[in-house]
Amino acid sequence: DISPREDIVTEKIRQDLQNVLEDKLIKETSFDVIEKTTNDKDVHTIQYRIYGLDFKKVIEKSGMALIKKVTTDKALIGNIKKIDQLILDTIQKDIQGVKKANDPVYSEIEISSEKGQYFVKDGQENLMKDIYYQFLTGANSEKDFQEGMTKAFDAAKTKARSELEKDEKEEK
């Protein structure tokens, strides 16, 4: 688990991160809406093409920097508080640079109309949650996001290990 402990993530830090993410959601993400026709004139299928935030790149960058720092800085060995603070500082800095994902993700929802008002049809609660995740993470769902973060961190570990090995060879 690479998450900082709760005791160092103060309410101010949480609020600062939330403010940065809200700002990035507004400035970086985008979407297109495509209405699809259905046989029922009172039911409409709306497709969203969403360009969410690219957290995969943030995790790859942060993860690699963290691994290299933790494995080369002797002052961090065994010092959980310093490691937690390093994780928090790195993530706070790298989130500032998060950009829009290059590849879109897609969602469709069905809406129905009654007396001139539109409603999201029942049974689509998880889909609405997925749309939120698509904007926030650039992934199709929470599950896809978690899998993508695991792969991104694994890639960061591999790259950091390779660079550390290269540095060791150059020192000899």
Side-chain angles (χ1 to χ4, degrees), residues 1-35 46-73 75-76 79-109 111 117-121 124-160 163:
D1 183 15
I2 62 164
S3 304
R5 291 187 337 264
E6 287 291 317
D7 60 328
I8 69 160
V9 183
T10 64
E11 189 56 39
K12 180 183 181 331
I13 291 169
R14 281 187 185 95
Q15 189 62 50
D16 289 349
L17 287 173
Q18 181 177 339
N19 291 342
V20 168
L21 286 175
E22 287 172 358
D23 183 60
K24 291 294 182 176
L25 282 169
I26 292 167
K27 291 180 179 174
E28 296 292 336
T29 63
S30 64
F31 70 98
D32 300 316
V33 177
I34 304 161
E35 183 174 357
I46 307 294
Q47 182 182 64
Y48 292 95
R49 178 176 44 213
I50 300 169
Y51 292 88
L53 297 176
D54 191 353
F55 268 96
K56 181 180 173 190
K57 285 186 182 171
V58 170
I59 293 301
E60 287 174 353
K61 179 180 178 188
S62 297
M64 193 171 85
L66 287 168
I67 291 165
K68 286 177 74 173
K69 182 78 172 168
V70 168
T71 55
T72 59
D73 188 340
L76 294 173
N79 191 329
I80 299 300
K81 281 194 175 212
K82 281 188 177 180
I83 292 171
D84 283 348
Q85 191 62 52
L86 175 65
I87 291 168
L88 186 61
D89 292 346
T90 302
I91 290 172
Q92 280 182 290
K93 181 183 79 124
D94 289 347
I95 282 178
Q96 298 283 336
V98 69
K99 299 288 184 197
K100 176 171 61 173
N102 292 327
D103 299 320
V105 290
Y106 295 88
S107 277
E108 287 185 1
I109 60 170
I111 59 173
Q117 292 187 326
Y118 291 92
F119 302 93
V120 174
K121 290 186 74 174
Q124 298 184 93
E125 294 81 11
N126 283 340
L127 182 55
M128 298 306 291
K129 182 178 155 187
D130 287 346
I131 290 173
Y132 170 77
Y133 266 91
Q134 290 172 336
F135 277 103
L136 187 60
T137 68
N140 276 311
S141 65
E142 182 177 5
K143 180 183 175 197
D144 288 349
F145 172 67
Q146 290 170 349
E147 289 172 0
M149 292 304 96
T150 299
K151 286 179 183 175
F153 194 70
D154 287 346
K157 286 191 298 189
T158 301
K159 189 170 181 181
E163 288 187 17

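For Lys157, the salt bridge (Lys or Arg N to Asp or Glu O under 4.0 Å) partners at least two apart in sequence or on another chain are Asp154. Scanning for side-chain hydrogen bond (donor to acceptor under 3.5 Å, both in side chains) contacts around Lys143 gives an empty result, with sequence neighbours left out. Annotation: salt bridge (Lys or Arg N to Asp or Glu O under 4.0 Å) contacts of Lys121 (sequence neighbours excluded): Glu110. In this view, Asp54 satisfies the side-chain hydrogen bond (donor to acceptor under 3.5 Å, both in side chains) rule with no residue, not counting sequence neighbours. Partners of Gln117 by side-chain hydrogen bond (donor to acceptor under 3.5 Å, both in side chains), not counting sequence neighbours: none found. Annotation: side-chain contact (heavy atoms from CB on, under 4.5 Å) contacts of Phe31 (sequence neighbours excluded): Val33, Tyr48, Ile50, Phe135. Residues that satisfy the side-chain contact (heavy atoms from CB on, under 4.5 Å) test with Asp89, not counting sequence neighbours, are Gln85, Gln92. Residues passing the side-chain contact (heavy atoms from CB on, under 4.5 Å) test with Ala156 are Met64, sequence neighbours excluded. Checked against side-chain hydrogen bond (donor to acceptor under 3.5 Å, both in side chains), Tyr133 has the following partners two or more places apart in sequence or in another chain: Glu142. With sequence neighbours excluded, no residue satisfies salt bridge (Lys or Arg N to Asp or Glu O under 4.0 Å) with Lys82. For the salt bridge (Lys or Arg N to Asp or Glu O under 4.0 Å) test, no residue two or more places apart in sequence or in another chain qualifies with Lys56. Legend: residues meeting side-chain contact (heavy atoms from CB on, under 4.5 Å) with Gln96, ordered by chain and number and at least two apart, are Val20.
Here the CD atom belonging to Gln124 is positioned 11.5 Å from the CG atom belonging to Asp130, to the nearest 0.5 angstrom. Taking NZ from Lys24 and CG from Leu53, the interatomic distance works out to 8.5 Å, rounded to the nearest 0.5 Å. Rounded to the nearest 0.5 Å, atoms CD1 (Ile95) and CG (Asp16) are 11.5 Å apart. Expressed to the nearest 0.5 Å, how far OG of Ser141 lies from CD1 of Ile131 amounts to 12.5 Å. For the atom pair Thr90 OG1 and Leu66 CG, the distance stands at 4.0 Å (nearest 0.5 Å). Taking CZ from Phe153 and CD1 from Ile67, the interatomic distance works out to 4.0 Å, rounded to the nearest 0.5 Å.
Between Leu76 and Lys69 the shortest side-chain heavy-atom distance falls below 4.5 Å.
For Lys100, the NZ atom is densely surrounded, since the number of other residues' heavy atoms within 6.0 Å is greater than 12. The number of heavy atoms from other shown groups lying within 6.0 Å of NZ (Lys68) is above 12.
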Gln146 and Thr150: side chain to side chain contact (heavy atoms under 4.5 Å, CB included), yes or no, with the steps? CA-CA 6 Å; Gln146 290 170 349; Thr150 299; 5.5 Å; no
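Nearest heavy-atom pair, Tyr118 versus Ile111, reported as atom, atom and distance to 0.1 Å: CD2-CD1, 3.8 Å. Across every non-hydrogen atom of Val98 and Glu28, the tightest pair is O-CG, 3.8 Å. When every heavy atom of Gln134 is checked against every heavy atom of Tyr106, the shortest pair comes out as NE2-O, 3.3 Å. The two residues Asn79 and Ala75 have their closest heavy-atom pair at CB-O, 3.9 Å.
In this structure, the side chain of Ser62 does not engage the main chain of Ile59 through any donor-acceptor pair within 3.5 Å.
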